[in-house]
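Everything numeric here is computed off the predicted structure, so don't read it as measured data.
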Amino acid sequence: MKLVIIDDDCLVSGALKTILETDPDVSVCASGTDGTEAVRLYREHLPDILLMDIRMKKVNGLEATAAIRKEFPDAKILLLTTFSDDEYIVKALQLGAKGYLLKQDYANLLPALKAVASGQTVFGCEIVSKLPGLFREKESFDYDSADISERELEIIKLIASGMSNKEIAAELFLSEGTVRNYLSNILDKLNLRDRTQVAVFYYQHR
């Protein structure tokens, strides 16, 4: 797993590199200190995952996320920050970030990176608890009109709660392959790009 780390504190970047590279499957190929460098380094290295802070001088992590995903729609960006501001979380979801973790949650960082690498979206426990209240302007949506079955709606709700495909499979006594097939159908029916957008869509239309 090839990573680029972006944080305006070089000590943090160095510590993250040391911690993460204790896993032989992880390699930190570059690091930078702001969003401008994030865009440049992403183009240069095309990492499997970009691990990035949000609050940085000049160009922040959210602005960099928008720029990178505009140029590389499949980019996997995991935001790691000290701040759990509601505005940041909503914006990160809308921009398609693959995860949002707090820096104090270091113990879960490596598992989160592996989950993102496998195509999942991850949130720290504190972030998951905030999600239901973040989308205040909710519009009703008729899932029946979109041909969303009861099982598909159940899976949408579990995705919105932060569950991975593996966890959903265990919860519903299905195989992971079946869950992936359901997710693919959900994305097609709702014209969404990925599971992050599924979570955002659900909370916007509860």
Do the non-hydrogen side-chain atoms of [X] and [Y] ever get within less than 4.5 Å of each other?
{"X": "Leu62", "Y": "Leu79", "answer": "yes"}
{"X": "Ser31", "Y": "Asp7", "answer": "no"}
{"X": "Leu3", "Y": "Leu113", "answer": "yes"}
{"X": "Leu109", "Y": "Leu51", "answer": "yes"}
{"X": "Ile155", "Y": "Leu172", "answer": "yes"}
{"X": "Tyr202", "Y": "Phe141", "answer": "no"}
{"X": "Ile6", "Y": "Val4", "answer": "yes"}
{"X": "Arg195", "Y": "Asn165", "answer": "yes"}

If hydrophobic clusters are built from ILVMFWY residues whose side chains come within less than 4.5 Å, do Val12 and Ile19 share one?
no

What's the spacing between [X] [atom1] and [Y] [atom2] if we round to 0.5 Å?
{"X": "Asp144", "Y": "Leu153", "atom1": "CG", "atom2": "CG", "answer": "9.0 Å"}
{"X": "Gln197", "Y": "Ile159", "atom1": "CD", "atom2": "CD1", "answer": "12.0 Å"}
{"X": "Lys98", "Y": "Leu50", "atom1": "NZ", "atom2": "CG", "answer": "13.0 Å"}
{"X": "Asp9", "Y": "Met56", "atom1": "CG", "atom2": "CE", "answer": "12.0 Å"}
{"X": "Thr36", "Y": "Leu41", "atom1": "OG1", "atom2": "CG", "answer": "10.5 Å"}
{"X": "Ile68", "Y": "Arg43", "atom1": "CD1", "atom2": "CZ", "answer": "8.5 Å"}

Test your reading of the model: is there a side-chain donor-acceptor pair from [X] to the backbone of [Y], 3.5 Å cut-off?
{"X": "Lys57", "Y": "Asp8", "answer": "no"}
{"X": "Glu63", "Y": "Val59", "answer": "no"}
{"X": "Ser184", "Y": "Asn181", "answer": "no"}
{"X": "Asp48", "Y": "Lys2", "answer": "yes"}
{"X": "Arg69", "Y": "Ala75", "answer": "yes"}

Whether over 12 other heavy atoms sit under 6.0 Å from [X] [atom1]:
{"X": "Lys58", "atom1": "NZ", "result": "no"}
{"X": "Asn191", "atom1": "CG", "result": "no"}
{"X": "Lys166", "atom1": "NZ", "result": "no"}

Where [X] and [Y] come nearest, the two heavy atoms and their spacing:
{"X": "Ala38", "Y": "Met52", "answer": "CB-SD, 3.6 Å"}
{"X": "Arg193", "Y": "Gly96", "answer": "NH2-CA, 4.2 Å"}
{"X": "Ala117", "Y": "Lys76", "answer": "O-NZ, 2.9 Å"}
{"X": "Ala160", "Y": "Ala199", "answer": "CA-CB, 3.9 Å"}
{"X": "Leu187", "Y": "Asp194", "answer": "CD2-O, 3.5 Å"}

Could you name each residue pair satisfying ring-ring contact (aromatic ring centres under 6.0 Å, His included) that touches residues 5-47, not counting sequence neighbours?
Tyr42-Phe72

Show every side-chain hydrogen bond (donor to acceptor under 3.5 Å, both in side chains) that has at least one partner inside residues 10-19, sequence neighbours left out.
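Listed once each, the pairs are Lys17-Glu21.
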
Basic-acidic side-chain contact under 4.0 Å: Lys114, Asp25
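Looking at Lys114 and Asp25, the cut-off is not met.
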
Charged N to carboxylate O under 4.0 angstrom, Lys157 versus Glu154?
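The answer is no: the pair does not qualify as a salt bridge.
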
What's the verdict on side-chain contact (heavy atoms from CB on, under 4.5 Å) for Ile156 and Tyr143, showing C-alpha distance, side-chain angles and the deciding distance?
CA-CA 11 Å; Ile156 289 171; Tyr143 285 98; 4.0 Å; yes

Which one of Ile5, Leu102, Leu101 satisfies the side-chain contact (heavy atoms from CB on, under 4.5 Å) criterion with Leu80?
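Of Ile5, Leu102, Leu101, side-chain contact (heavy atoms from CB on, under 4.5 Å) with Leu80 is met by Leu101 alone.
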
